[in-house]
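What follows is one structure encoded as structure tokens, with my remarks underneath.
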Amino acid sequence: MKTSDVASTNGSEPATPKRGAKTAGAVATWADDRLGLAKATKGLSLRKVFPDHWSFMLGEIALWSFVVLLLTGVFLTLFFDPSMAEVTYNGSYDPLRGVEMSRAMASTLEISFDVRGGLLMRQMHHWAAMIFIAAMMIHLLRVYLTGAFRKPREINWIIGCLLLLLGTIEGFTGYSLPDDLLSGTGVRAADGFMKASPVIGTYMSFFLFGGEFPGDQIIPRFYAIHILLIPGILLALITAHLILVVYHKHTQWPGPGKTEENVVGPPLMPIYMAKAGGFFFIVFGMTALLGGLFSLNPVWKYGPYDPSKVTAGSQPDWYMGWPDGLLRIIPPWETHIFGVTLSWNIMLPILIAPPLLLMVLIALPFLESWITGDKREHHLLQRPRNAPTRTAVMAALITFYGLSWAAGGNDIIAIKLHLSINQITYFLRGAVIIGPILAFIITRRWCISLQRHDEAKLLHGYETGVIVRSPDGGYAEKHLPISEEAAYVLTARDREEVYSPNGTSDDSGVAAPGGRRAAIAGKVRGKLSALMFADNVQKPTAEELHESQHHAEHELHELEHQISAGPNKHGPSSDH
């Protein structure tokens, strides 16, 4: 660009900007004085670096599926009528013509059969919701198993847990809107769950439904919650989540040149944005493919909601399956106190277990930080095997979730496998308790054995598959040292120390701060720290690695000598 394009000079006077450039600068200054755009974007450089790894795409799948939800949801909003007014259906679907139904159900059928592309949009919207929640769950697993939730990302972990909760509620309100027999059965169940709450249950139900169930307000209220309230909160939380990701800088896997102080990867512009944009179209295309080829929630087969009918083999969306499973297998426990019935068989699986599990998830980073006493910032990820107890805890939670989810289909399992539903129920009652314990023990020992395998690779090298015979007739497999890059990855971790409580007083007899309560907390922390770290295989010291390197070099020279001197030596011979 020439100087004369933006400014002019006669050679003896200072250069003056042209009118267009001067006007643009004035407009930019005016906007910046009022919006602070320059300061806001100062820390957000377009050359900001993002590390590259396939596991980081899990969060992007959740983000882009949410975008697909917004796009398809806007389309559906133009045609859906959230009214419970009774009408007679006279649309294109002949089997339901002449049937009385709500206007919400009728408009859903019109979207499916009379609006061009309507059924595809419905299917894509529903599939995107399923993918959104699944991607969030898997993303949370990745974050937890790799230690990405540690300081300074605890707030982002809480945001992620809240996103998962709100996504589940959003999904429930969404598939309840058509007012078909399946969704109506789910809403009727939700009414029963609320009424199981002691003292306030009936008031909660009356407030939500605007009177006795089903009333004529629930679909309009769910509609407002579904398209305004929860999406607004989700959008705000996702924005905050992304801002914190940029502010804290992205975590990365250990490797040569990667430290706690830097980030190695492609810049935001143009490489990362181009890849992210292409990945959006992949997610959009896969969602469109699923929506076009695989039927989901065919409301025309269920018909309108009728309180006197229940669909046999009805199942909620998959993310609601685990509390439904707990509801199916829990014994009929009830308590009667002062004329009030406490229905534990409803309260425990529906009103207590889901919030309790959410609170456990939220508390995990803070509990681990307290046990380890680690207050440092962490930007390098951990391999799951290097945190055996943490990995085992998540394996136990996943096992509990999976068995509870399987219990949600106990009737289908019994029918398809020709088994007794009672036997399946009794088995799952024990499995949801014993299964997580076994999963914890097996996973922890498995991770420790993998740590021992890594230690053997570091100290003795990898197995070459070359068998040599010693002069005394013995056979042995030779090992060769692993590459420096592989060795760096295996040693890029801290050495853990088991916390030892100091007791109630020091060596001089001075009472420890906090008194007896602090002493008890210290003992509990010490036992948990021993459980977390006592059996871990610590990485070799520098001296051990140096000694093993010399040994590996000796092994390599010996192997080369034996190969060159043996009957199968390399190189040309008289035979070839």
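One is the number of the first residue; the rest follow in order along the sequence. Heavy atoms only: backbone and side chains are in, while hydrogens, waters and symmetry mates are out.
Here the side chains of L380 and W253 are not in contact, with every heavy-atom distance at 4.5 Å or above. Proximity of R153 to T251: side-chain heavy atoms (C-beta onward) are separated by under 4.5 Å at one or more points. F149 places none of its side-chain heavy atoms less than 4.5 Å from the side chain of E154. The side-chain heavy atoms of T541 and R495, taken from C-beta on, include a pair separated by under 4.5 Å. Taking the side chain as every heavy atom from C-beta outward, L242 and V246 never approach each other to under 4.5 Å. Residues L450 and W446 form a side-chain contact, since some pair of their non-hydrogen atoms from C-beta on lies under 4.5 Å apart. You'll find the side chain of I131 reaches within 4.5 Å of the side chain of T287, heavy atoms only. Looking at heavy atoms from C-beta onward, F279 lies out of side-chain contact with F284 at the 4.5 angstrom threshold.
Ring geometry, F50 versus H250: the interplanar angle exceeds 60°, so the pair is classed perpendicular (tilted spans 30 to 60°). Relative ring orientation between W322 and Y401 is described as tilted, the plane-to-plane angle lying within the 30° to 60° band.
The minimum heavy-atom distance linking K275 with D52 is given by the pair NZ-OD2, 2.7 Å. In terms of heavy-atom proximity, E170 sits nearest to I230 at OE1-CB, 3.3 Å.
With 3.5 Å as the limit, one finds a donor-acceptor pair spanning the side chains of H379 and E377. A donor-acceptor pair shorter than 3.5 Å cannot be found between the side chains of R150 and S369.
Rounding to the nearest 0.5 Å gives a distance of 10.5 Å between CD1 of I159 and CD1 of I238. Atoms CG and OG1, from L164 and T168 in turn, are 4.5 Å apart once rounded to the nearest 0.5 Å.
For the side-chain hydrogen bond (donor to acceptor under 3.5 Å, both in side chains) criterion with R385, the lone passing option out of D454, T443, T391 is D454.
Applying the side chain to side chain donor-acceptor pair (under 3.5 Å) rule to pairs touching residues 158-167 yields nothing, sequence neighbours excluded. The salt bridge (charged side-chain N to carboxylate O under 4.0 Å, His left out) analysis of residues 246-261, with sequence neighbours excluded, yields no pairs.
Residues meeting the salt bridge (Lys or Arg N to Asp or Glu O under 4.0 Å) test with D324, sequence neighbours left out: R328. Evaluation of the ring-ring contact (aromatic ring centres under 6.0 Å, His included) rule for Y175 yields F172 as partners, not counting sequence neighbours. Taking R445 as the reference, D535 meet the salt bridge (Lys or Arg N to Asp or Glu O under 4.0 Å) condition, with sequence neighbours excluded.
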Using atom types as modelled, flag every donor-acceptor pair under 3.5 Å from a side chain in residues 262-274 to any protein atom, sequence neighbours excluded.
{"unit_1": "N262", "atom_1": "OD1", "unit_2": "Q252", "atom_2": "NE2", "d": "3.4"}
{"unit_1": "N262", "atom_1": "OD1", "unit_2": "T259", "atom_2": "N", "d": "2.8"}
{"unit_1": "N262", "atom_1": "OD1", "unit_2": "T259", "atom_2": "OG1", "d": "3.2"}
{"unit_1": "N262", "atom_1": "ND2", "unit_2": "G257", "atom_2": "O", "d": "2.8"}
{"unit_1": "Y272", "atom_1": "OH", "unit_2": "E60", "atom_2": "OE2", "d": "3.0"}

